[in-house]
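The chains referred to below are lettered A, B, ... by the order of the sequence lines, with proteins before strands, and numbering in each begins at 1.
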Number of protein chains: 2
Amino acid sequence: MTDPIAEACPIVEVLDHVAGKWSIGIIVAAADGPVRFTELERQVEGISRRMLTLNLRKLERDGLLIRTVYPTVPPRVEYSLTDMARELYTSLTGLLGWAERHRGSIAQARAAYDAGKTPAAV
Amino acid sequence: MTDPIAEACPIVEVLDHVAGKWSIGIIVAAADGPVRFTELERQVEGISRRMLTLNLRKLERDGLLIRTVYPTVPPRVEYSLTDMARELYTSLTGLLGWAERHRGSIAQARAAYDAGKTPAAV
DNA sequence: CGGTATCCTAAGAGATACTG
DNA sequence: CAGTATCTCTTAGGATACCG
């Protein structure tokens with residue numbers, strides 16, 4: 001089975017974890033150095049505390065994030081990317097770049113598509 | 001705002017459409033030529049008819065797929081990638097490659113993570 | 001500060017019968 | 001063949017109060 005489609009299927013599981021709405025934001029936010037929980041909460045805009053925690057755990061479990069706890073008086077927890085995640089970040093930026101370049105076209109395509117459907121409410 | 005995080009946020013919307021569990025499979029399946037509905041139903045394994053339709057519409061709306069209907073006696077509908085989508089496919093293969101290279105490590109990381117948590121049920 | 005725990009709503013997703 | 005319509009169940013996700 002060198003068939004790319006057959007290969008893709010289980011991989012999509014992996015991608016599902018990695019390319020999730022929030023995962024990408026978290027990875028990007030952690031890309032340039034260790035980040036603390038509250039920093040993430042601020043930087044990954046729109047995320048709720050719950051979702052942040054869940055995604056953080058998921059990424060940690062998948063071996064993409066390292067969670068370091070400093071047992072100081074005000075607790076300090078830092079998240080940093082593993083090498084694997086850094087490599088992913090590279091691929092991600094490709095995707096990010098694509099999205100950036102084409103989001104205008106996508107918005108236009110949507111508008112055009114909708115224009116051809118909705119007003120047909122004869 | 002050259003801040004990559006701030007930039008990433010609206011883009012994630014785009015990615016959300018494009019990097020969805022099924023979208024990737026569909027794009028990959030359509031990458032090497034026009035594909036028919038039933039072909040997709042078979043190739044994107046595990047997808048339900050409903051989800052296939054919904055995702056197909058979504059991708060068409062975003063200007064990533066072109067839907068061509070041949071008004072023949074048995075209806076024939078073909079889906080093919082737009083140039084934009086082909087470009088995306090390139091970025092996607094990068095991600096796919098990453099996932100392929102690391103899924104073993106990810107599985108291991110998961111096992112290790114779980115091993116350190118679950119048996120602690122003292 | 002860095003989370004859990006809890007509650008609730010909306011969206012995602014499967015199955016499948018029906019239709020032009 | 002290529003969908004649509006429906007029904008149902010499971011998650012994703014938001015809000016927020018509380019705790020070590």
Side-chain angles (χ1 to χ4, degrees), chain A residues 9-10 12-13 15-26 29-30 34-62 65-80 113 116-118 120-121, chain B residues 9-10 12-26 29-30 33-62 65-80 113 116-118 120-121:
Chain A
C9 286
V12 170
E13 251 183 67
L15 288 181
D16 210 31
H17 278 216
V18 135
K21 188 174 169 187
W22 300 122
S23 308
I24 297 176
I26 292 172
V35 194
R36 300 181 59 174
F37 188 88
T38 341
E39 274 183 82
L40 284 167
E41 208 173 352
R42 272 179 291 120
Q43 296 200 326
V44 183
E45 213 150 341
I47 197 169
S48 67
R49 198 166 278 198
R50 189 178 110 90
M51 279 299 112
L52 179 55
T53 305
L54 287 178
N55 278 278
L56 245 23
R57 291 289 172 278
K58 192 173 67 182
L59 292 173
E60 189 196 352
R61 186 167 107 103
D62 285 354
L65 281 184
I66 298 169
R67 178 171 178 270
T68 316
V69 184
Y70 299 94
T72 54
V73 184
R76 178 191 190 82
V77 181
E78 284 184 352
Y79 293 91
S80 50
Y113 184 91
K117 305 281 169 179
T118 327
Chain B
C9 285
V12 170
E13 250 183 68
V14 176
L15 287 181
D16 211 30
H17 278 216
V18 134
K21 188 174 169 186
W22 301 121
S23 309
I24 297 177
I26 293 171
V35 193
R36 300 181 59 176
F37 189 87
T38 341
E39 274 182 82
L40 284 168
E41 206 173 353
R42 274 180 289 120
Q43 296 202 328
V44 184
E45 214 151 339
I47 197 169
S48 68
R49 199 165 279 197
R50 190 179 110 90
M51 277 301 112
L52 179 55
T53 304
L54 287 179
N55 277 278
L56 246 21
R57 292 287 172 278
K58 192 175 66 181
L59 291 173
E60 190 196 352
R61 186 167 108 101
D62 285 352
L65 281 183
I66 297 168
R67 179 171 178 269
T68 316
V69 183
Y70 300 93
T72 55
V73 184
R76 178 191 190 81
V77 181
E78 284 185 351
Y79 294 91
S80 50
Y113 184 91
K117 305 282 166 176
T118 326

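For Tyr79(B) and dG3(D), the shortest distance from a side-chain N or O to OP1 or OP2 is below 4.0 Å.
Rounded to an integer number of Å, the gap from NE2 of His17(A) to P of dT11(D) is 12 Å. Rounding to whole angstrom units, CD of residue Glu41(A) and C1' of dA15(D) are separated by 12 Å. Nucleotide dG14(D) holds its P atom 11 Å from the CG atom of Leu52(A), rounded to whole Å. Atom pair Leu54(A):CG and dT11(D):P shows a separation of 13 Å (rounding to whole Å applied). For the pair Asn55(B) CG and dA2(D) C1', the computed distance is 16 Å after rounding to whole Å. Per the geometry, CG belonging to Leu65(B) stands 16 Å off C1' belonging to dG3(D), to the nearest Å.
Here the CZ-CZ distance, from Arg36(A) to Arg42(A), works out to 9.5 Å after rounding to the nearest 0.5 Å. Rounded to the nearest 0.5 angstrom, Leu54(B) CG and Ser48(B) OG are separated by 8.0 Å. With rounding to the nearest 0.5 angstrom, the OH atom of Tyr70(B) is 7.0 Å from the CZ atom of Arg76(B). Annotation: the span from Leu40(B) atom CG to Glu45(B) atom CD amounts to 13.0 Å, rounded to 0.5 Å. Taken from CG in Asn55(A) to CH2 in Trp22(A), the straight-line distance is 8.5 Å, to the nearest 0.5 Å. Rounded to the nearest 0.5 Å, atoms NZ (Lys58(A)) and CG (Leu56(A)) are 11.0 Å apart.
Among dA12(D), dT16(D), dT4(D), the nucleotide with an atom closest to any side-chain atom of Met51(A) is dA12(D). In this structure, the nucleotide among dT6(D), dA15(D), dT4(D) sitting nearest to the side chain of Arg57(B) is dT4(D).
Base engagement by Arg49(B) is indicated by at least one non-hydrogen atom pair under 4.0 Å involving a base atom. Among the atoms of the strands shown, only primed sugar atoms or phosphate atoms (P, OP1, OP2) are found under 4.0 Å from some heavy atom of Thr38(A). Heavy atoms of Tyr70(A) sit nowhere under 4.0 angstrom from any nucleic acid atom.
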Give the C-alpha distance, both sets of side-chain angles, the deciding distance and a yes or no for side chain to side chain contact (heavy atoms under 4.5 Å, CB included) between Ile24(A) and Leu15(B). CA-CA 9 Å; Ile24(A) 297 176; Leu15(B) 287 181; 3.4 Å; yes

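Recorded end-axis angle for the helix from dC1(C)-dG20(D) to dG20(C)-dC1(D) stands at 50°, based on five pairs per end and rounded to 10 degrees.
Nucleotides of DNA chain C lying under 4.0 Å from heavy atoms of chain B occupy a range whose first and last members, 5' to 3', are dA13(C) to dG20(C).
The closest side-chain heavy-atom distance from Phe37(A) to Val77(A) is not below 4.5 Å. Looking at heavy atoms from C-beta onward, Val18(A) lies out of side-chain contact with Ser23(A) at the 4.5 angstrom threshold.
Each of Pro74(A) and Gly46(B) was assigned the nucleotide of DNA chain C with the nearest heavy atom; the assignment lying further toward the 5' end belongs to Pro74(A). Projected onto DNA chain D by closest heavy-atom contact, Arg50(A) and Pro75(A) fall at different nucleotides, the more 5' of which corresponds to Arg50(A).
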